[in-house]
There are 2 protein chains.
Amino acid sequence: MIKIGELSKVTGCSVQTIRHYEKEHLIASAERSEGNFRLYDEAAVEQLLFIKHCRSLDLSVPEIRQLLALNRSPGAQCDDVNRMMDRHIEQVEARIQELTRLNEQLRMLRRSCSNRRTVEQCGILRNLSATPVSSG
Amino acid sequence: MIKIGELSKVTGCSVQTIRHYEKEHLIASAERSEGNFRLYDEAAVEQLLFIKHCRSLDLSVPEIRQLLALNRSPGAQCDDVNRMMDRHIEQVEARIQELTRLNEQLRMLRRSCSNRRTVEQCGILRNLSATPVSSG
DNA sequence: TATAAACTCTATAACAACTATAGAGTCAAT
DNA sequence: ATTGACTCTATAGTTGTTATAGAGTTTATA
Ligand SMILES: [Zn+2]
Ligand SMILES: [Zn+2]
Ligand SMILES: [Zn+2]
Ligand SMILES: [Zn+2]
């Protein structure tokens, strides 16, 4: 049994994050020592790593909660997992497209000012004052 | 002089957002009518549209505050504007790269489950349980 | 003139996923 | 006995909004 500081080191999650996950019921309430310190076993390490892996893929806490619930019903069909992943992938791709458009506009804007101009003649500020291109 | 609801319609910013910008000192405190309603003129419309344009480019509130301050000192050099824009563009591009890597991993993960499997044999859940690929 | 609808006001909480802080308690070593 | 490292709870801050409650104002209608 390890304490929260060690769990933090082993998993790379901060101590506060671990306590936060407990409060959010992503991980079960830990056993306590006589002095009221949280105690964790190997299974807790595994579960926290699972959560960390999910978070590194930008899966949200509710999504992870759903995955954990499915993990607990091994006989169920995979359809729910797959639907969630598809939706999540869609959202990531939409965000990439959005940022890509944004990036083009920013570069265009940036080109409108050469260094050593004064603010008064600045193309960036002038363009920002003009009506934005519709982005819908 | 128009009231906040009309300013909201004209600019496309919500009423709460306008009040929020005032609290954050992005726009000046509006004049008030006898009944304590905020009153705006054409200049306020212009400034709010400027802010909206900036936000549509994901510029942060502090960044916009800096741009507005520069706008008020027309004799200054543009270097600060340019540095900020360069930094901002860098961050947007970094985020695009990050999401692109993420997307590849998500698609790989998604391929590891064909429909109609049970959760027990699910490649997605199994792979999420395994140690994540290092992404540094 | 009474009243209702539509608008506005302030203050406060929620969102997401943490991060940071304060103040107190626990434990191991000197 | 006391230091230092660790842990505990509770609370607030982050970012840019959005949503709500409860009260006041203005405009239109009966
Ligand atoms: Zn998602
Ligand atoms: Zn310039
Ligand atoms: Zn920025
Ligand atoms: Zn599956």
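Numbers restart at 1 for each chain; the letters A, B, ... are given by sequence-line order, proteins then strands. Every heavy atom of this structure was used, including side-chain atoms; hydrogens, water molecules and symmetry mates were not.
- Comparing B:Gly35 and B:Leu59 by the nucleotide of DNA chain D that holds the closest heavy atom to each, the one mapping nearer the 5' end is B:Leu59.
- What separates CZ of B:Arg65 from C1' of D:dT15 is a distance of 12 Å, to the nearest Å.
- For the residue pair A:Thr100 and A:Gln97, no side-chain donor N or O sits within less than 3.5 Å of a side-chain acceptor on the partner.
- Taking atom NE2 of residue B:His20 and atom P of nucleotide D:dT14, one finds them 12 Å apart after rounding to whole Å.
- Of all the heavy atoms in A:Cys54 and A:Leu67, the pair that sits closest is SG-CD1, 4.0 Å.
- Note: CG (A:Leu7) to P (D:dC8) measures 11 Å, nearest angstrom.
- Straight-line distance from the CD1 atom of B:Ile2 to the P atom of C:dC7: 14 Å, rounded to whole Å.
- For A:Gln121, the CD atom is densely surrounded, since the number of other residues' heavy atoms within 6.0 Å is greater than 12.
- Comparing C:dA17, D:dT25, C:dA20 by their nearest atom to the side chain of B:Phe37 picks out D:dT25.
- Of the candidates C:dA17, C:dC9, D:dT20, the closest approach to any side-chain atom of B:Gln16 belongs to D:dT20.
- Here C:dC27 presents its C1' atom at 18 Å from CE of A:Met1, a figure rounded to the nearest Å.
- Rounding to whole angstrom units, OH of residue A:Tyr21 and C1' of C:dA17 are separated by 7 Å.
- Map A:Thr17 and A:Ser33 each onto its nearest nucleotide of DNA chain C; the residue landing nearer the 5' end is A:Thr17.
- At whole-Å resolution of the value, CD in B:Glu34 and C1' in C:dT8 are 15 Å apart.
- Rounding to whole angstrom units, NZ of residue A:Lys3 and P of C:dA28 are separated by 6 Å.
- A donor-acceptor contact shorter than 3.5 Å is absent between the side chain of B:Glu98 and the backbone of B:Arg95.
- Phosphate proximity of D:dT17 to B:Arg55: present, with a side-chain N or O under 4.0 Å from OP1 or OP2.
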Candidate pair A:Gln66 and A:Asp80, rule side-chain hydrogen bond (donor to acceptor under 3.5 Å, both in side chains), full reasoning: CA-CA 9 Å; A:Gln66 192 182 338; A:Asp80 288 348; 5.1 Å; no

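- Set against C:dA17, D:dT25, C:dC18, the side chain of A:Pro62 has C:dA17 as its closest nucleotide.
- Among the candidates B:Val61, B:Ile27, B:Thr17, the single residue satisfying the side chain to side chain contact (heavy atoms under 4.5 Å, CB included) test with B:Ile51 is B:Ile27.
- In this structure, B:Ser8 and B:Cys13 approach most closely via the heavy-atom pair OG-O, 2.7 Å.
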N/O contacts under 3.5 Å, protein versus nucleotides 9-13 of chain D?
residue	atom	partner	partner atom	Å
D:dT9	OP1	A:Arg32	NH1	3.3
D:dT9	OP1	A:Arg32	NH2	3.1
D:dT9	OP2	A:Arg38	NH1	3.0
D:dT9	OP2	A:Arg38	NH2	2.8

